[in-house]
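Residues: numbered from 1 along the sequence shown. Only this structure's heavy atoms are used, side chains among them; waters, hydrogens and symmetry mates stay out.
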Amino acid sequence: YLFRRRGLRNSLSRSLIVIVLMIMFINSTTAIVVDLIFTSQYIQSLADPKYDPTPVLIKCDVVEGIISRISVSFDGLPPP
């Protein structure tokens, strides 16, 4: 509604804002999912001593590192 009222309906600024918001939403949602996977695998390894979650935990750490770098890069953006 605000975009239409201010005349930003089809502008480059609107497109950039929508793209950045979508990236931030996907980033935060992925971070939550990765954290849930990490926690569930860790708890499963505590319940079953024969289960080795190391490959999954390493993948979760790698994805979490990438997500945190993306998040930091968008935190440094100047306000429009």
Given the rule that I, L, V, M, F, W and Y join up when any side-chain heavy atoms are under 4.5 Å apart, are V33 and V56 in one cluster? yes

Sequence neighbours left out, what passes side chain to side chain donor-acceptor pair (under 3.5 Å) with D61? Give chain and number order. none

Closest approach of I37 and C60, non-hydrogen atoms and distance? CG2-SG, 3.7 Å

Please report the interatomic distance CD1(I19) to CE(M24), rounded to the nearest 0.5 Å. 14.0 Å

Keeping to residues at least two apart or across chains, list the side chain to side chain donor-acceptor pair (under 3.5 Å) pairs with something in residues 26-44. Q41-Y51

Report the distance from atom OG of S71 to atom CD1 of I66, rounding to the nearest 0.5 Å. 13.5 Å

Approximate separation, where rounding is to 0.5 Å, of L21 CG and I26 CD1: 11.0 Å

